[in-house]
Amino acid sequence: MTRIRVLFGVAAAAMAVGLWFALTAPPDSLQGQYSRIINVHVPSLWLAFLAFGVTALGSIAWLWKKTQRWDRLASASAEIGVLFTGIGLFTGMVWGQAVWGRAWDWGDARLTTTAVMFFVYLGYIALRNAVDDPVVRARRSAILGVVAVVQVPLVYFSVNLFRTLHPIQSIRPDGSAMPSEMIFAMLVNVVAFTILYVALMAARTDVARTEETFRESELLAGDAVKPPKLSEVKDV
Amino acid sequence: MSFWGQTLEIARVDLRVERRLGDTLRIVLPFAVVALMVFPLSLGIELAVISRIGPAVFWSLGILFGMQIALRQSVADTQERRDLHALLGVDPAARFVGRMLSGGVLMLAFLVVLFIAMVLIYGPTLPPGSWSTVLVGTVLFSIGLTELGTLAGEVTAGLRNRTALASLIVAPLALPLVIGASQSLEALSRGAGILPWVLLMLATDLALAVVGVGLARPLEEATR
C-alpha cells in the first residue's frame, strides 16, 4: 500500500510539473490557447497505445505461462487504456470544435479509428464481465487481447494512410513543425502521464489481487457453512 | 485423416447442416433484402441520393447480416460435440479453417445475391470494371469477416449474451475490411488504383488466419 501511495505521490508531482509547462509554453500562433489541449490529448492517446500494447503482452504471457498475474496485468491495462482513450477522444473533440468548428468530422480517419479502438476494448471488458470462472475468463480475454491489438497500428498510421483532416505525428524523423517549447512541454506531460499509468496499474492490479483473495476466502467459507449431507449425519 | 481432410470434412458437415436448417438463405438473406428496401423508403423518393448511397448501404448491411451468418446457430457447438471432436482427435486448427471455409462460402453466396439486389433496387452508377472489383472485395471481405466471426464465436461460446457480445467484438474489428471493400469501389469511381485497399483486406485476412490457426488450441481449451 505504501508503494502505491509513493507512486501516486510521484505521479501527482510529475503532473504538476507537466501542468506548469503546459500553461507556460507559448501558444500556437493560429490556434491560440486551444493548442494547449495537445498537452493532455497526445499523452492520453500515447498512454492508451502503451496500455493496449501491455494488454497484448500480458495476454501472450498468460497464454504461455498460464499464471494469473499476467491476466491481472492485461485486464488492468485494458481498463486504464479505455479510460485514457475516452479522455483522448473527448479532448480531441473539444479541440475540433474550437479549431475546425465541429466536434466530430467523418473526414478525420484518426478520430474514427480511435473511436473504433475504444469500442474494441469496451468489448474486451464486456467479455471479461460476462465470464465468471477466472481461468476461462483469463483464457478467452487473452485471445481477444492478442487479436484486438491490431487496431493500435491502424489508429497510429491512419493519418498517413488516409487523406484526413487530423495533423500528422508531432514528432517525426524529418523534424517537427511545432516550436521546440511546445514539443518539450508535451514530452514532459507524456512522462508525467506514463508515471500516472504506472501508479494506476499498481493500484488496479492490487485491487484485482484482493478481489481474487476475497473470492477464494468466500469459496472456503461457503464450503464451511454448507449443511452436511444426510448420509454423513449419523445420530439423527 | 490429414489436416486438409479434416478441414474439408468439417466444412462439408457445416454446409450440410446449413442446407438442412436453411438459416442463411431462408431467413438472413430475405431479412437483409427487406432492410435494403427500408433505406430508400426512409429517405424519400430521391433517386439521385438513393443511387449514390447504394454501395455504402450494401457494405453496411453486409457487415451487419454477415455477423449473423458468422455467428449462426448451426456452428455453435454443444459441449458434447466439442468432446466428440476432441475424442476423434480433430485438430483444433483444422476445425478453425474448416469453419472458416464453410462460413466463407455462405457469406460469399449471401453477399453476391445482396449485391445483385442492391443494383436492382438502388440502380447505382457503377464505373467500368466494378464487377471484378466487387467480386475481389466480396471474397476478401467474406474471408475476413468469417475469420473474425469464428474467433468471436469461440471466445463467447456458451455465454448467456453470446450474440450481442460477439457482435460487439466483431463489428469494430472488421473496420479494415469495411474500409478496404468500400474504398476500393470509391477509388475506382475516382479513377484511382484499388491495390492499396485490396492489400489492406488481404493483410487483415492473413493476420486473422495466422492468429486463428495459432490460437486454435487455446481457443479449444477456452470453451471447456
Side-chain angles (χ1 to χ4, degrees), chain A residues 52 56 59-66 70-71 78 82 85 106 109-155 157-158 160-164, chain B residues 56 63 92 96 144 147-180 182-183 186-187 190 192 196-197 199-200 203-212 214-224:
Chain A
F52 296 146
S59 301
I60 293 167
W62 192 93
L63 290 168
W64 184 27
K65 297 278 185 189
K66 306 272 192 304
W70 295 115
D71 179 56
V82 166
T85 308
W106 285 106
R110 176 62 72 79
L111 187 60
T112 313
T113 51
T114 306
V116 168
M117 183 175 76
F118 180 71
F119 285 109
V120 167
Y121 283 93
L122 274 186
Y124 175 92
I125 293 171
L127 175 68
R128 289 191 66 84
N129 290 337
V131 186
D132 290 327
D133 187 286
V135 179
V136 176
R137 180 173 58 220
R139 193 175 282 138
R140 292 185 183 201
S141 53
I143 291 164
L144 187 56
V146 174
V147 178
V149 80
V150 295
Q151 290 289 318
V152 174
L154 187 72
V155 174
F157 291 111
S158 59
N160 309 105
L161 282 171
F162 307 103
R163 287 179 303 169
T164 179
Chain B
I63 189 168
F96 176 81
E147 286 168 338
L148 265 177
T150 309
L151 277 169
E154 292 287 310
V155 162
T156 56
L159 298 180
R160 184 173 33 85
N161 41 9
R162 175 180 180 263
T163 314
L165 194 56
S167 302
L168 176 62
I169 292 167
V170 172
L173 282 171
L175 181 77
L177 299 169
V178 182
I179 292 174
S182 58
Q183 288 301 309
E186 277 292 309
R190 292 196 310 268
W197 305 112
L199 286 177
L200 176 68
T204 310
D205 288 359
L206 283 175
L208 287 170
V210 169
V211 168
L215 295 179
R217 198 162 292 280
L219 266 174
E220 179 86 356
E221 291 167 4
T223 50
R224 293 189 181 281

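To find a chain, count down the sequence lines: A is the first, B the second, and so on, and within it residues start at 1. Computed over heavy atoms, backbone and side chain alike; hydrogens, waters and symmetry mates excluded.
- For Arg137(A), the salt bridge (charged side-chain N to carboxylate O under 4.0 Å, His left out) criterion is met by no residue, not counting sequence neighbours.
- Taking 4.5 Å as the heavy-atom cut-off, the residues of residues 168-175 of chain B that approach chain A are Leu168(B), Ile169(B), Pro172(B), Leu173(B), Leu175(B), ordered by number.
- Of the atoms belonging to Val150(A), it is side-chain heavy atoms, and not backbone ones, that fall under 4.5 Å from chain B.
- Under the rule for a side-chain contact (heavy atoms from CB on, under 4.5 Å), the partners of Val152(A) that lie at least two apart in sequence or sit in another chain are Phe49(A), Phe52(A), Met117(A), Val149(A).
- Of the candidates Arg128(A), Arg139(A), Lys66(A), Arg128(A) is the only one forming a salt bridge (Lys or Arg N to Asp or Glu O under 4.0 Å) with Asp71(A).
- Between the CD1 atom in Ile179(B) and the CG atom in Leu154(A) there is a gap of 6.0 Å [rounded to 0.5 Å].
- Interface check for chain A: of the options Thr204(B), Leu151(B), Leu215(B), Leu208(B), the most heavy-atom pairs under 4.5 Å are formed by Leu215(B).
- Under a 3.5 Å cut-off, the side chain of Arg110(A) and the backbone N or O of Val155(A) do form a donor-acceptor pair.
- In this structure Thr150(B) satisfies the side-chain hydrogen bond (donor to acceptor under 3.5 Å, both in side chains) test with no other residue, sequence neighbours excluded.
- The pair Asp133(A)-Arg140(A) does not meet the salt-bridge criterion, since no charged nitrogen lies less than 4.0 angstrom from a carboxylate oxygen.
- With a 4.5 Å cut-off on non-hydrogen atoms, Leu127(A) touches chain B through its backbone and its side chain both.
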